[in-house]
Amino acid sequence: MEQLNNIAARISGLIADEDGAVTVDWVVLTASIVMLGMAAAFTVTGSVPGLANKISTHISVMTVGGG
């Protein structure tokens, strides 16, 4: 029974211990920033082909030298 109380005391001590909490916060914050960057990259990547086609069309009708 004493061993069970000892284990329970250790577990409650681990739960109350706040060492490493800041590290976990920074990991979560960094992961959130990375995910936000990936979402922005996917949004931009989806728009690039259409924009490239518009630029290509605009450039193809231009004349050089104004002759």
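As a basis for the values below, the full set of heavy atoms in this structure was taken, side chains included, without hydrogen atoms, waters or symmetry mates.
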S.K.: How many angstroms lie between atom CD1 of I7 and atom CG of L4, to the nearest 0.5 angstrom?
M.R.: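 It is 6.0 Å, given to the nearest 0.5 Å.
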S.K.: Give, for atom NZ of K54 and atom CD1 of I59, the distance between the pair rounded to the nearest 0.5 Å.
M.R.: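 Reported to 0.5 Å precision, the distance equals 14.5 Å.
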S.K.: May I ask you to decide if V28's main-chain N or O and S32's side chain share a donor-acceptor pair within less than 3.5 Å?
M.R.: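 It does hold such a pair.
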S.K.: I'd like to check M62 versus H58 (side-chain heavy atoms, cut-off strictly below 4.5 Å). Are they in contact?
M.R.: yes
S.K.: In this structure, would M35 and V27 fall into the same cluster of hydrophobic residues linked by side-chain contacts under 4.5 Å?
M.R.: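 M35 does not cluster with V27.
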